[in-house]
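Order of the sequence lines fixes the chain letters, A, B, ..., with proteins taken first and strands second; residue numbering starts at 1 for each chain.
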Protein chains: 2
Amino acid sequence: MPHRHDLNPRVSVDNVILGFDDENLNVLLIGRSLADGKMDDVLALPGDLIYENENLDMAAQRVLHELTGLTNLFLQQAGAFGDPDRLSKPKDRAWLKTVRQEPEVRVITIAYFTLINMHEFAPQPASFAQSVQWVPIQDIGDLAFDHNQILKTCLSRLQETIAIKPVGFNLLPTKFTLGQLHKLYEAILEKPLDKRNFRRKIQKLGILTHLDEKQAGVPHKPSRFYKFNEIKYRELAETGFDNFGF
Amino acid sequence: MPHRHDLNPRVSVDNVILGFDDENLNVLLIGRSLADGKMDDVLALPGDLIYENENLDMAAQRVLHELTGLTNLFLQQAGAFGDPDRLSKPKDRAWLKTVRQEPEVRVITIAYFTLINMHEFAPQPASFAQSVQWVPIQDIGDLAFDHNQILKTCLSRLQETIAIKPVGFNLLPTKFTLGQLHKLYEAILEKPLDKRNFRRKIQKLGILTHLDEKQAGVPHKPSRFYKFNEIKYRELAETGFDNFGF
DNA sequence: CTTGGTAGTGTATTATTGACACTAAGAATT
DNA sequence: AATTCTTAGTGTCAATAATACACTACCAAG
């Protein structure tokens, strides 16, 4: 006996794909093309409706793969967003009309976030007939739909997650300096961290391995390179640590 | 241009409603009635398809209200569950046939959890032509659909949440003893906590106010009653604390 | 050879955590 | 009245973790 006001919605996933450029967190956003061939001035998170035979995680992985070619990444669900009016801003409605057979149907979306090394993916200006670009989070204006809200939620979830698991390593090249890692944590947590205390704490975890290699060509004292030691990380995770709180 | 494999699912909410009886965490579960009027032996989380004009949070509040009469409670989203086969266990399919016009349609559910004072709601044996019962979490067997997985996720989220916010007070009467609070934290965190250290820490937060009242009629030293001081809690929350880790 | 810029290091103070054992009060039983 | 049972309530010490803080080392560019 379905209730007569039951809803028959669509379900999508939207991905907050974060990258780090040694200075700021960036989000991968797409521009929408309008009917007249021009680009909308409103940016959006990449997302898609889910397919019949895939689960939610698979749909999120697919969206990420189709956009960046990247596969098999850490991709964490951050929540479901389903306000009835989440697609009803005028610009959003205009765009939906050009692209959907059913622009009026309600869409509930499941948000995911993931962290990638920015240098592993350089946006192709014309990929998918959409513009794709990295945007520093502090430069982000009004996004499409409820995507500002989704982004905010994902950033909060990232802050919580990084206090429990060192997921940040996904954002860095395989070899990195402690300075980069330090700036990354500051960018994610949005607060300054004392350099010596940060170094002491992160090194005490024992999940960093230093390489016998240093920066070259930098106009200052060269820094050692480190890599993330996944084996020691797993050992640590199994014995049950609680937090990486900074 | 919707993709030809796009999905046209239903969306529901499922609630993990937790109560505490001074000993164990309990979950409010419903029994399903079958076509022949008998009760299915499989219990399920209370849930419902969402309506056209309500958002996800409202749907979860509605389910809670219809079941318990309670309103306006802390209700936290724990995640979306949408595996294509999440409704496909034989018993679940049999039950769906008796109750739905479209037993085959895929349903994606958004899970919420909430904490209530068990004594504020005593299940009525016959409400909604379903059985409703409190079940201690350690006695829970196979639930309907993917509800075991949902429950597990919600309990983990509760453990994380209580480390950040003292949400546990929702589970207790307005006046309670430190002993009750202590046992509650042990039940939620599933580990013993040292009595003196627990008391010291929880009292240092300054969000408890002791009443000039003691237990009466107990066959042992009577305990003081305390109440949760929401005003001091808000002050504390605004100045930005990090955790209540135990 | 000076300048600018980042890398890298140690210590002292304070706050927090964790381990640990006995007395106090009431009710029930004898 | 005394005993027993049960939970309430309390303090200290040691180890660990958090915080605040300033200088030298190294490289490139001018």
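The shortest distance between the side-chain N/O atoms of B:Lys201 and the OP1/OP2 oxygens of C:dT17 is below 4.0 Å. Residue B:Lys204 places at least one side-chain N or O under 4.0 Å from the OP1 or OP2 atom of C:dT16.
A salt bridge between A:Arg157 and A:Glu160 is present, with a side-chain N of the basic residue lying under 4.0 Å from a carboxylate O of the acidic one. Using a cut-off of 4.0 Å between Lys/Arg side-chain N and Asp/Glu carboxylate O, B:Glu235 and B:Lys232 are scored as not salt-bridged.
Picking from D:dT19, D:dC26, C:dG8 the nucleotide with the shortest atom distance to the side chain of A:Arg199 gives C:dG8. Nearest to the side-chain atoms of B:His220 among the listed nucleotides C:dT9, D:dC21, D:dT6 stands D:dT6. Among C:dG8, D:dA20, D:dG9, the nucleotide with an atom closest to any side-chain atom of A:Arg200 is D:dA20. Here the nucleotide nearest the side chain of B:Thr177, chosen from D:dA28, D:dA8, C:dG8, is D:dA8. Candidate nucleotides C:dA7, D:dG9, C:dT16 were compared by shortest atom distance to the side chain of A:Ser223, and C:dA7 ranks first. Distance from the side chain of B:Arg224 is smallest to D:dG9 among C:dT9, D:dG9, D:dC21.
The nearest whole Å value for the distance from the CD1 atom in B:Ile202 to the C1' atom in D:dG9 is 16 Å. The CD-P distance, from B:Gln215 to C:dG26, rounds to 11 Å in whole Å. Rounded to whole Å, atom P of C:dT17 lies 13 Å from atom CZ of B:Phe198. One interatomic measurement links the two molecules: CG of B:Leu178 to C1' of C:dA24, which rounds to 16 Å at whole-angstrom precision. Between A:Gln203 atom CD and C:dG10 atom P the separation is 11 Å, expressed in whole Å. The CG atom of B:Leu193 sits 10 Å away from the P atom of C:dG18 (whole-angstrom rounding). Atom CG in A:Asn197 sits about 16 Å away from atom P in C:dT14, given to the nearest Å. Rounded to whole Å, atom P of C:dA7 lies 16 Å from atom CD of A:Glu213.
Applying the salt bridge (Lys or Arg N to Asp or Glu O under 4.0 Å) test to B:Lys175 and every residue at least two apart in sequence or in another chain returns B:Glu213. With sequence neighbours excluded, no residue forms a salt bridge (Lys or Arg N to Asp or Glu O under 4.0 Å) with A:Arg199.
Residue whose closest nucleotide on DNA chain D sits further toward the 5' end, between A:Lys195 and A:Lys214: A:Lys195. Annotation: of the two residues near DNA chain C, A:Lys221 and A:Arg196, the 5′-most nearest-nucleotide partner is A:Lys221.
In this structure, B:Arg224 is not positioned above the aromatic face of B:Phe176 in the sense of NZ or CZ being under 6.0 Å from the six-membered ring centre and within 45° of the axis.
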